[in-house]
Amino acid sequence: MRETLRLHNMTCAACAARIEQAVAHSEGVTTAAVNYATHRLTVEFDPTLISLEQIGAVITKTGYGWDRITDVAVALDEDRKEAARQVEILKRKMIISALFALPLLYIAMHHMLPGALSLPLPDLLSPEHHPLNFALAQILLTIPIVAVGWRFYYVGFRALWLRSPNMDSLVALGTSAAILYSLYATYMLATTHDHMWAMQLYFESAGVIITLILLGKLLEARASSRTSEALKKLRELTPKTAWVITDEGGTTREVEIPVDEVNIGDLVLIRPGSTIPVDGEVIEGSSTVDESMLTGESMPIDKASGDPVYAASLNAQGRLVVRATSIGEATALAQIAKLVEEAQQSKAPIAALADVVARYFVPIVLAIALIAAIGWLLAGATFAFALTILISVLVIACPCALGLATPTAIMVGTGIGAQHGILIKGGQPLEAAASIQTIVLDKTGTITEGRPQVTDIIVCDDTATHEHSVAPASEQDFIGYAAGIERGSEHPVGYAIVRYAIAHDIALKPIDSFESITGQGIVGASGDHHILVGNATLMDNQKVTITTEYARCAEELALSGKTPMYVAIDGALAGIIAVADVVKPSSKAAIARLKDLGISVVMITGDNERTAHAIARSVGIDSVLAEVLPQDKAAAIESLQQSGRVVAMVGDGINDAPALATSDVGIAIGTGTDIAIESADIVLMQSDLMDVATAIELSKRTIRTIKQNLFWAFGYNVAGIPVAAGLLYALFRGPLLDPMIAAAAMSLSSVSVLSNALRLRRFRPYS
C-alpha cells in the first residue's frame, strides 16, 4: 500500500532525514521518502504488518505532526493557504525583530561607527558613564527578538533532547551562548562596576542573527511557494460550472450547474469561446478546439461527432454537445496534475547526498565548534574570543540550503515540463533521462503517424498526381470506385483510401457486391462494372495483365516503404494507389537533434526489413531492428543495456509496454495506449518526437541546477567553517568571521539556491 502524508513542524533538511529514517526502519515499511520542500512523506508499506496509524505514531514520537491526504485538490488548496499564512507570519516576525534589532545594533555598536554615521546616543545609555543602563537597554531590546524567534529554541533544543540535532539546534545553541554569556557579563558589570564588562556584551549578535535568519526564512518561504505555480495553474484551468442539457417531461432545457455535480453520461453544452469542463465525446456539432494546455500544440484541432474532447481545452468556434466520459479527478487534466504532483514529491537519487550530509553534518559541526572554542581557550585566548568563534561556527554551518537544493529544482523542472506537454514521473526518471546514451524508437505511431495515408496515385493514362493536387475527372472515377469498394473493408489500407476520397470531396461509387479475399484484396461490382483492388497475386488470379512499366512503379513504391495496391476495372488495370504510414513532419529534425546531443538512435519495429530500412533512411537512422515480435522487444532492450549503456525506449502501443518498463527510461507517446503510458517514466502529451530531445535537455538542465545547488550549499559551509573557527586568523592573522556576517551569509545561501532553481523557469524547448 502507498500513502502520502502531510508533515508538520519540519524546519530543515535534518528534520526530514530524521522522519524518513525513523519510518523507513519500521517493520513492514518498504520505502519512505520525505520531501522537505513540500512537507510530504510518501510511504509504501505492508498493511498486514503495520498500519497507517502506527506509522503516524512513529512520526509523532520523533517530534513532528502529520495528517493523511485524502483529497489532492483540497490538500493543495490548504497548502497554498498555509504557505500564504506562513509568509505573513514570518513577515510580521521579521518586521518586529528588525524594529528591535536595529536600535539594539546601533546602541551596541555606536562607539565603533564612523562619525558620519554616528547619531547622538543619550548619555543615559553611554557605556562609559552608565554601563549598566547600556547593558539593560540591550536586554530589553533582545527580549522581543527572542520572543518572535522562540521557534528556533523550541525546535532546536527539542531536537537536541531527542539526540537528533538539526539546523535550528545550531541557531539555538549559538544565540543562547551569546545571550547567556552577555547576561553573565551584565551580572559582573552590576556587581563589580568594572566598565570593561560592557565591552563583552553579545546581545546584538543574537538579536541580529535571529533577525537575519527570519529574513532568510521569509525569502525562502516566498520563493518556495512560487515553485508549484505550474501545478496550481493546471488545477485551476477547469471551469467551475458546466451547462448540462436535460430533458424534463419532453422539454429540453440547458441548466448551468457546478462542474462537481456533472455525472458520467450527462450531455454538456459547449458554447463557442468557452472552456470545456469535462472529458467527453462529441455527439453533435463540429468545431476547432485549442488543446495547447494539454498537449502543448498551438494549432487548434478539428472536432466532429465521435471525437474526444478534454477538460480545460478551449472551444474556439462552433457549438458542441458532448457526452461526459470522465469527470473530476478522472479527467486527463486531473491525471496530469496528479502525475506532476507525484513527480514533484519524489526524490531523485542525487538527493541522497543532501540527506546524508544533513544527517551527519550537524553533530560534526557541534563537535568542530566546541573543539575550536576549547582550542582557542587553551591557546590563551579570552573567553569572549572563544565564544565568538563558537557562535560563528554554529551559525555559518547551518546548511538550510542543502534541504532545498534538490526538491526545488525537481519541482520547477517537472512543472516546466508539464507546461510544455512533457510529464516526468518523478526525480528518478528526471535524473536517468539526463544520462541517456541510446534511444530506441518504435516505428509505428512514434516515428510515423501510426495511421496509413494515401501517398501516391498512378492512373493508367500515365497521369500521375501528388496527393494534394487537383485530380482529373478520370482519376475521380478511379478513386471513387476504389474507395467505394474499400468502404466495406476493415483493412487499414482500405480506410486510408476511403479517408483520402472523403478529404478530397470525391464521391464514393455505390457497390452492389463485395467479397474480401484474405491476403489478396477485394472483389466487387458497381452497376455493370467489375472492380478489383489488391496486390499482384489478386491481379494474377483474376487474369489482369500488369505491364512491366507498372510492375516497376509498384516495385519502386515498395522499396520506399509504401504499400502499392493495384486497381482493375472490368478486367483491365486502371492504376495503382500507394498507401504508407507516413513519417511525422518533425521526426527527421528530432532524430538529428538527438544525434547532436551525442545520443545513438535505434529504430525497432515488427515490420519487414525493406520497409523498416526505407523509413530509417528517410529520417536519418542507421541502426534498425526489424521484424521484432512484441514479446521480443524487451529482450532487445536488455541486449543493448548489457553493453553498459543507459537505454531509453520510446513507444505508444500495448506491445511496447514491456520494453518501456525494461528500459532505463520509458518514454510514451501521449496518444498511445493507457498501458504504455502507465509503463513509462515520461509521457509526451503532444506526440511529437522533438519533445524527446526537449525532455532530455530539460532533464540535463535540471540535474545541472541540482549539482550547482549542492555545490553552493555544501561548498559554502565547507569553506566558511574554517574561517569561522579562526583558522585564517591563527595562521596568517587573517580575518575573523563576525557572527552577524555569518548569519547574513547563511540566509543568503538559501536564497541563492532557490533563485538558481527558479532560473529553470526560463527554459525554452529547442526549436
Side-chain angles (χ1 to χ4, degrees), residues 295 297 299 301 421 439-457 466-468 491-500 503 556-565 577-595 599 601-630 633 636-637 648-657 659-660 663 666-673 675-677 680 682-695:
T295 65
E297 178 58 54
M299 292 296 292
I301 300 172
I439 284 187
V440 180
L441 304 176
D442 176 51
K443 178 180 75 70
T444 306
T446 301
I447 297 174
T448 65
E449 294 285 359
R451 187 176 72 170
Q453 298 180 25
V454 172
T455 58
D456 300 85
I457 297 171
H466 188 269
E467 178 185 353
H468 300 295
H491 197 282
V493 172
Y495 286 149
I497 296 172
V498 173
R499 283 196 303 269
Y500 179 87
E556 290 175 356
L557 291 169
L559 287 173
S560 63
K562 301 173 183 178
T563 302
M565 302 293 291
I577 299 176
V579 175
D581 182 7
V582 299
V583 171
K584 291 179 180 178
S586 63
S587 291
K588 186 173 183 178
I591 290 163
R593 179 59 186 155
L594 290 172
K595 288 183 175 181
I599 298 170
V601 183
V602 178
M603 187 179 82
I604 190 169
T605 178
D607 214 336
N608 62 72
E609 289 276 356
R610 184 171 63 181
T611 301
H613 282 281
I615 295 294
R617 282 195 303 270
S618 69
V619 295
I621 295 177
D622 301 319
S623 182
V624 179
L625 300 175
E627 300 180 12
V628 180
L629 297 175
K633 286 188 175 182
I637 296 295
M649 168 71 188
V650 185
D652 71 327
I654 293 175
N655 63 335
D656 296 325
L660 289 169
S663 63
I667 304 175
I669 299 296
T671 53
T673 64
I675 294 176
I677 291 173
I682 298 174
V683 179
L684 310 179
M685 293 305 299
Q686 68 183 62
S687 306
D688 188 339
L689 262 188
M690 189 62 78
D691 283 346
V692 176
T694 299

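Numbers here simply count residues along the sequence, with the first being 1.
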Would you tabulate the side-chain donor-acceptor contacts of residues 613-624 under 3.5 Å, counting partners in other chains and residues two or more places apart, or write 'none'?
residue, atom, partner, partner atom, Å
H613, NE2, E609, OE1, 2.9
S618, OG, I615, O, 2.6

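- Formation of a donor-acceptor pair under 3.5 Å by the T605 side chain with backbone atoms of A612 is not found in this model.
- Note on K562 versus D456: salt bridge recorded, some NZ/NE/NH1/NH2 to OD/OE distance being below 4.0 Å.
- When P585, S586, S587 are each tested for a side-chain contact (heavy atoms from CB on, under 4.5 Å) with D688, only one passes: S586.
- No donor-acceptor pair closer than 3.5 Å links the side chain of T448 to the backbone N or O of V582.
- The OG1 atom of T455 sits 10.5 Å away from atom CD1 of I577, with the distance rounded to the nearest 0.5 Å.
- Interatomic distance, D442 CG to M603 CE, rounded to the nearest 0.5 Å: 9.0 Å.
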ask   = Where do M649 and I439 land on the side chain to side chain contact (heavy atoms under 4.5 Å, CB included) test, with the steps shown first?
value = CA-CA 6 Å; M649 168 71 188; I439 284 187; over 6 Å; no

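- Distance CG/L559 to CG/L557: 9.0 Å, rounded to 0.5 Å.
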message = The test is side chain to side chain contact (heavy atoms under 4.5 Å, CB included); show your working for Y500 and V579 and say whether it passes.
response = CA-CA 10 Å; Y500 179 87; V579 175; over 6 Å; no

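- Annotation: K588, atom NZ; neighbour count of heavy atoms from other residues, nucleotides and ligands within 6.0 Å does not exceed 12.
- For R499 (side chain) and P452 (main-chain N/O), a donor-acceptor pair under 3.5 Å exists by modelled atom type.
- Within the 4.5 Å cutoff, the side chain of T446 has no heavy atoms near those of the K584 side chain.
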task = With side chain to side chain contact (heavy atoms under 4.5 Å, CB included) as the test, would you mind laying out the steps for V650 and V440 before giving the verdict?
result = CA-CA 6 Å; V650 185; V440 180; over 6 Å; no

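- Between the CD1 atom of I447 and the CG atom of L441 there is a distance of 4.5 Å, given to the nearest 0.5 Å.
- Summarising the geometry, atom CD1 belonging to I669 is positioned 5.5 Å from atom CG belonging to L689; distances are rounded to the nearest 0.5 Å.
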